[in-house]
Student: 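Got a structure here, written out as C-alpha coordinates. Questions coming.
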Amino acid sequence: MGISLLLMSDTHLPKRAKQLPARLLADLPRADVVVHAGDWVDVATLDLLEQRSRRLIGVHGNNDGPQLRARLPEVARAELGGLRFGVVHETGPARGREARCAARFPDLDVLVFGHSHIPWDSVAPGGLRLLNPGSPTDRRRQPYCTYMTATVADGRLTGVELHRLPPRPAR
(Lines give C-alpha, C1' and ligand atoms only; values in the text may rest on other atoms or scores of the structure.)
Protein backbone atom coordinates (compact mmCIF):
# COMPACT_ATOMS: atom_id res chain seq x y z
CA MET A 1 0.00 0.00 0.00
CA GLY A 2 2.50 2.65 1.09
CA ILE A 3 2.36 6.25 2.18
CA SER A 4 0.93 8.68 -0.37
CA LEU A 5 2.58 12.09 -0.64
CA LEU A 6 1.43 15.40 -2.10
CA LEU A 7 4.29 17.87 -2.67
CA MET A 8 3.92 21.60 -3.31
CA SER A 9 5.83 24.82 -2.92
CA ASP A 10 5.69 28.54 -3.66
CA THR A 11 1.95 29.04 -3.35
CA HIS A 12 2.39 32.83 -2.82
CA LEU A 13 -1.25 33.36 -1.81
CA PRO A 14 -2.99 35.72 -2.26
CA LYS A 15 -0.40 37.56 -4.38
CA ARG A 16 -0.09 35.04 -7.25
CA ALA A 17 -3.58 33.52 -7.01
CA LYS A 18 -6.67 34.01 -4.87
CA GLN A 19 -6.77 30.37 -3.74
CA LEU A 20 -5.17 27.00 -4.26
CA PRO A 21 -6.28 25.23 -7.44
CA ALA A 22 -9.38 23.03 -7.12
CA ARG A 23 -7.55 19.96 -8.45
CA LEU A 24 -4.83 20.25 -5.82
CA LEU A 25 -7.45 20.74 -3.08
CA ALA A 26 -9.29 17.65 -4.34
CA ASP A 27 -6.07 15.62 -4.02
CA LEU A 28 -5.47 16.65 -0.38
CA PRO A 29 -7.74 14.00 1.20
CA ARG A 30 -5.98 11.27 -0.80
CA ALA A 31 -2.56 12.15 0.63
CA ASP A 32 -1.25 10.61 3.84
CA VAL A 33 1.37 13.38 4.02
CA VAL A 34 1.34 16.86 2.47
CA VAL A 35 4.69 18.61 2.03
CA HIS A 36 5.02 22.37 1.42
CA ALA A 37 8.51 23.69 0.66
CA GLY A 38 7.93 27.32 1.59
CA ASP A 39 6.80 30.69 0.27
CA TRP A 40 3.26 30.35 1.55
CA VAL A 41 3.06 34.16 1.97
CA ASP A 42 -0.23 34.09 3.89
CA VAL A 43 -1.01 32.35 7.17
CA ALA A 44 -4.46 31.31 5.90
CA THR A 45 -2.88 28.77 3.52
CA LEU A 46 -0.95 27.18 6.39
CA ASP A 47 -4.15 27.05 8.48
CA LEU A 48 -6.08 25.50 5.57
CA LEU A 49 -3.47 22.80 4.92
CA GLU A 50 -3.20 22.02 8.64
CA GLN A 51 -6.96 21.53 8.77
CA ARG A 52 -7.29 19.46 5.58
CA SER A 53 -4.12 17.34 5.74
CA ARG A 54 -3.69 14.14 7.69
CA ARG A 55 -0.09 15.17 8.26
CA LEU A 56 1.61 18.36 7.09
CA ILE A 57 5.36 18.90 6.82
CA GLY A 58 6.33 22.44 5.88
CA VAL A 59 9.06 25.05 6.02
CA HIS A 60 9.15 28.80 5.61
CA GLY A 61 10.56 30.48 2.52
CA ASN A 62 12.24 33.79 1.74
CA ASN A 63 8.88 35.53 1.13
CA ASP A 64 7.31 34.36 4.38
CA GLY A 65 6.89 36.90 7.16
CA PRO A 66 7.31 36.67 10.94
CA GLN A 67 3.98 34.90 11.62
CA LEU A 68 4.87 32.01 9.29
CA ARG A 69 8.49 31.91 10.45
CA ALA A 70 7.25 31.58 14.03
CA ARG A 71 5.25 28.46 13.09
CA LEU A 72 7.52 26.82 10.51
CA PRO A 73 11.18 25.78 10.57
CA GLU A 74 13.79 26.62 7.92
CA VAL A 75 14.50 22.90 7.48
CA ALA A 76 12.11 20.05 8.33
CA ARG A 77 13.02 16.36 8.60
CA ALA A 78 10.82 13.29 8.82
CA GLU A 79 11.13 9.54 8.47
CA LEU A 80 8.42 8.24 6.15
CA GLY A 81 8.11 4.57 5.27
CA GLY A 82 11.76 3.87 5.94
CA LEU A 83 13.09 6.89 4.00
CA ARG A 84 14.66 9.98 5.55
CA PHE A 85 13.05 13.10 4.08
CA GLY A 86 14.13 16.70 4.34
CA VAL A 87 12.33 19.85 3.26
CA VAL A 88 14.00 23.21 2.63
CA HIS A 89 13.03 26.23 0.55
CA GLU A 90 16.26 27.32 -1.10
CA THR A 91 19.08 25.16 -2.48
CA GLY A 92 20.95 27.75 -4.54
CA PRO A 93 21.62 27.74 -8.29
CA ALA A 94 20.86 24.71 -10.46
CA ARG A 95 24.54 24.31 -11.38
CA GLY A 96 26.10 22.11 -8.71
CA ARG A 97 22.82 21.56 -6.86
CA GLU A 98 23.17 17.77 -6.46
CA ALA A 99 26.68 17.90 -5.00
CA ARG A 100 25.86 20.89 -2.79
CA CYS A 101 22.71 19.27 -1.37
CA ALA A 102 24.40 15.88 -0.89
CA ALA A 103 27.12 17.62 1.15
CA ARG A 104 24.63 19.70 3.18
CA PHE A 105 22.21 16.81 3.82
CA PRO A 106 24.30 13.61 3.99
CA ASP A 107 21.75 11.96 6.31
CA LEU A 108 18.78 12.21 3.90
CA ASP A 109 17.34 9.96 1.21
CA VAL A 110 14.97 12.56 -0.30
CA LEU A 111 15.11 16.37 -0.28
CA VAL A 112 12.04 18.39 -1.29
CA PHE A 113 12.79 22.02 -2.12
CA GLY A 114 11.22 25.05 -3.76
CA HIS A 115 12.10 28.67 -4.53
CA SER A 116 12.68 28.47 -8.29
CA HIS A 117 9.11 27.48 -9.29
CA ILE A 118 10.85 25.10 -11.72
CA PRO A 119 10.02 21.40 -11.35
CA TRP A 120 13.09 19.28 -10.65
CA ASP A 121 13.71 15.55 -10.19
CA SER A 122 17.28 14.29 -9.98
CA VAL A 123 19.52 11.99 -8.00
CA ALA A 124 22.79 13.23 -6.52
CA PRO A 125 25.93 11.11 -6.38
CA GLY A 126 25.46 8.99 -3.30
CA GLY A 127 21.74 8.55 -3.96
CA LEU A 128 20.02 11.68 -2.55
CA ARG A 129 16.81 12.25 -4.55
CA LEU A 130 16.03 15.93 -5.11
CA LEU A 131 12.45 16.99 -5.89
CA ASN A 132 11.03 20.42 -6.60
CA PRO A 133 7.28 20.29 -7.29
CA GLY A 134 7.24 23.72 -8.94
CA SER A 135 4.36 26.03 -8.01
CA PRO A 136 0.61 25.32 -8.26
CA THR A 137 -0.16 29.03 -8.49
CA ASP A 138 2.77 30.85 -10.17
CA ARG A 139 4.33 29.19 -13.21
CA ARG A 140 6.83 31.99 -13.85
CA ARG A 141 8.71 30.98 -17.01
CA GLN A 142 7.28 27.45 -17.03
CA PRO A 143 4.48 26.34 -19.36
CA TYR A 144 2.30 25.08 -16.47
CA CYS A 145 1.67 25.50 -12.77
CA THR A 146 2.57 22.19 -11.10
CA TYR A 147 2.67 20.00 -8.02
CA MET A 148 3.86 16.43 -7.40
CA THR A 149 2.55 13.22 -5.91
CA ALA A 150 4.52 10.13 -4.95
CA THR A 151 4.34 7.00 -2.83
CA VAL A 152 6.74 5.63 -0.23
CA ALA A 153 6.62 1.85 0.16
CA ASP A 154 9.12 -0.63 1.53
CA GLY A 155 11.81 2.04 1.88
CA ARG A 156 11.45 3.16 -1.74
CA LEU A 157 10.05 6.29 -3.35
CA THR A 158 7.86 5.29 -6.30
CA GLY A 159 5.27 6.78 -8.61
CA VAL A 160 6.72 10.30 -8.58
CA GLU A 161 4.36 12.25 -10.82
CA LEU A 162 4.43 15.89 -11.87
CA HIS A 163 0.87 17.21 -12.22
CA ARG A 164 0.36 20.00 -14.72
CA LEU A 165 -2.54 22.29 -13.87
CA PRO A 166 -4.76 23.91 -16.48
CA PRO A 167 -4.24 27.63 -17.09
CA ARG A 168 -6.14 29.91 -14.75
CA PRO A 169 -8.71 32.28 -16.20
CA ALA A 170 -7.46 35.85 -16.54
CA ARG A 171 -8.07 37.98 -13.46
Side-chain angles (χ1 to χ4, degrees), residues 3 5-21 24-25 27-29 31-80 83-122 124 128-142 145-150 152 162-163 165 168:
I3 299 168
L5 308 176
L6 188 152
L7 315 174
M8 72 180 88
S9 187
D10 297 283
T11 47
H12 290 271
L13 294 177
K15 294 179 180 183
R16 299 291 185 218
K18 293 179 183 175
Q19 60 190 25
L20 292 173
L24 184 144
L25 290 172
D27 278 350
L28 282 175
D32 296 311
V33 180
V34 174
V35 176
H36 192 302
D39 273 5
W40 309 70
V41 179
D42 73 339
V43 174
T45 303
L46 173 58
D47 292 340
L48 175 82
L49 292 182
E50 284 180 335
Q51 292 165 5
R52 293 199 184 176
S53 303
R54 291 183 210 165
R55 179 176 179 189
L56 176 65
I57 301 169
V59 296
H60 66 73
N62 59 298
N63 284 298
D64 294 327
Q67 288 182 307
L68 287 162
R69 289 172 184 262
R71 292 174 59 184
L72 296 162
E74 181 178 356
V75 177
R77 297 170 187 267
E79 189 278 327
L80 301 171
L83 290 178
R84 300 162 299 170
F85 278 77
V87 185
V88 66
H89 185 62
E90 295 187 59
T91 60
R95 180 183 298 259
R97 177 174 286 142
E98 285 92 354
R100 194 171 47 253
C101 290
R104 182 176 174 196
F105 300 103
D107 58 327
L108 296 181
D109 300 305
V110 180
L111 180 66
V112 180
F113 67 97
H115 187 63
S116 68
H117 300 218
I118 299 171
W120 184 282
D121 183 352
S122 68
L128 174 65
R129 181 90 175 255
L130 289 98
L131 298 173
N132 184 331
S135 170
T137 55
D138 184 13
R139 65 184 179 90
R140 283 202 184 152
R141 296 172 299 277
Q142 301 304 301
C145 290
T146 58
Y147 66 99
M148 286 179 170
T149 55
V152 180
L162 182 68
H163 298 268
L165 293 162
R168 288 193 318 263

Student: Which pair of non-hydrogen atoms, one from Leu28 and one from Leu49, has the smallest distance, and what is that distance?
Tutor: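 For Leu28 and Leu49, the tightest heavy-atom pair comes out as CD1-CD2, 3.7 Å.
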
Student: I want to check something: taking the side chain as every heavy atom from C-beta on, are Arg52 and Leu25 in contact at a cut-off of under 4.5 Å?
Tutor: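 Yes; the side chains approach each other to less than 4.5 Å.
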
Student: Could you pull out the closest heavy-atom pair between Gly58 and Pro73, with the gap in Å?
Tutor: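 Taking Gly58 first and Pro73 second, the nearest heavy atoms are O-CD, 3.4 Å.
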
Student: Nearest 0.5 angstrom please: Leu46 CG to Leu68 CG, how far?
Tutor: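 Here the rounded value is 6.0 Å.
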
Student: Write down the atom of Leu162, the atom of Pro133, and the distance for their closest heavy-atom approach.
Tutor: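 Taking every non-hydrogen atom into account, CD1-O, 3.9 Å.
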
Student: Is the closest side-chain heavy-atom distance between Asp10 and His89 below 4.5 Å?
Tutor: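 Yes, side chains in contact.
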
Student: Hey, does Gln19 have a side-chain heavy atom less than 4.5 Å from the side chain of Leu48?
Tutor: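 Contact flag for Leu48/Gln19 side chains = no.
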
Student: Does the side chain of Thr91 come under 3.5 Å of the side chain of Arg97 through a donor N or O and an acceptor N or O?
Tutor: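 Judged by distance alone, the side chains do pair up.
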
Student: For the backbone of Pro119 and the side chain of Asn132, can you confirm whether one donor and one acceptor N or O come within less than 3.5 Å of each other?
Tutor: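 No; zero donor-acceptor contacts below 3.5 Å.
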
Student: Looking only at heavy atoms, which two atoms of Thr137 and Cys145 are closest? And how far apart?
Tutor: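 Nearest heavy atoms, Thr137 then Cys145: C-SG, 3.6 Å.
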
Student: Does Phe105 reach the side chain of Arg77, with side-chain heavy atoms less than 4.5 Å apart?
Tutor: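 The answer is yes; the side chains approach within 4.5 Å.
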
Student: Under a 4.5 Å cut-off applied to non-hydrogen side-chain atoms, are Arg71 and Val43 in contact?
Tutor: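 Answer yes - side chains close enough.
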
Student: For residues Asp27 and Thr149, is any side-chain donor paired with an opposing acceptor at under 3.5 Å?
Tutor: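 Looking only at side-chain atoms, Thr149 and Asp27 do not form any donor-acceptor pair under 3.5 Å.
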
Student: To the nearest 0.5 Å, tell me how far Glu98 CD sits from Trp120 CH2.
Tutor: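 Answer rounded to 0.5 Å: 5.0 Å.
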
Student: Check whether more than 12 heavy atoms from other residues, nucleotides or ligands sit under 6.0 Å from atom CD of Glu74, and answer yes or no.
Tutor: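 Check fails, neighbour count at 12 or below.
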
Student: Any side-chain heavy-atom pair from Met8 and Leu6 closer than 4.5 angstrom?
Tutor: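 Yes, side chains in contact.
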
Student: Using side-chain heavy atoms (C-beta onward) and a distance below 4.5 Å, is Val34 in contact with Leu56?
Tutor: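 Result yes, sub-4.5 Å side-chain heavy-atom pair found.
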
Student: Calculate, to the nearest 0.5 Å, the distance between atoms NE2 and CG belonging to His12 and Asp64 respectively.
Tutor: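 Answer rounded to 0.5 Å: 8.0 Å.
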
Student: Run the side-chain contact (heavy atoms from CB on, under 4.5 Å) check on Leu5 and Phe85 step by step: do they pass?
Tutor: CA-CA 12 Å; Leu5 308 176; Phe85 278 77; 3.7 Å; yes

Student: Which pair of non-hydrogen atoms, one from Thr45 and one from Thr11, has the smallest distance, and what is that distance?
Tutor: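 Smallest heavy-atom distance, with atoms named: CG2-OG1, 4.1 Å.
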
Student: For the backbone of Gly61 and the side chain of Arg69, can you confirm whether one donor and one acceptor N or O come within less than 3.5 Å of each other?
Tutor: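 Confirmed, Arg69 side chain pairs with Gly61 backbone.
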
Student: Side chains of Pro93 and Arg100: does their closest heavy-atom pair fall under 4.5 Å?
Tutor: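 Yes, close enough: below the 4.5 Å cut-off.
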
Student: Considering all heavy atoms of both residues, which atom of Ala37 and which atom of Val87 are nearest to each other, and what is their separation?
Tutor: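 Between these two residues, the closest heavy atoms are CA-CG1, 3.8 Å.
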
Student: Tyr147 vs His163 aromatic rings, parallel, tilted or perpendicular, using cut-offs 30° and 60°?
Tutor: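 Aromatic pair Tyr147/His163 classed parallel.
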
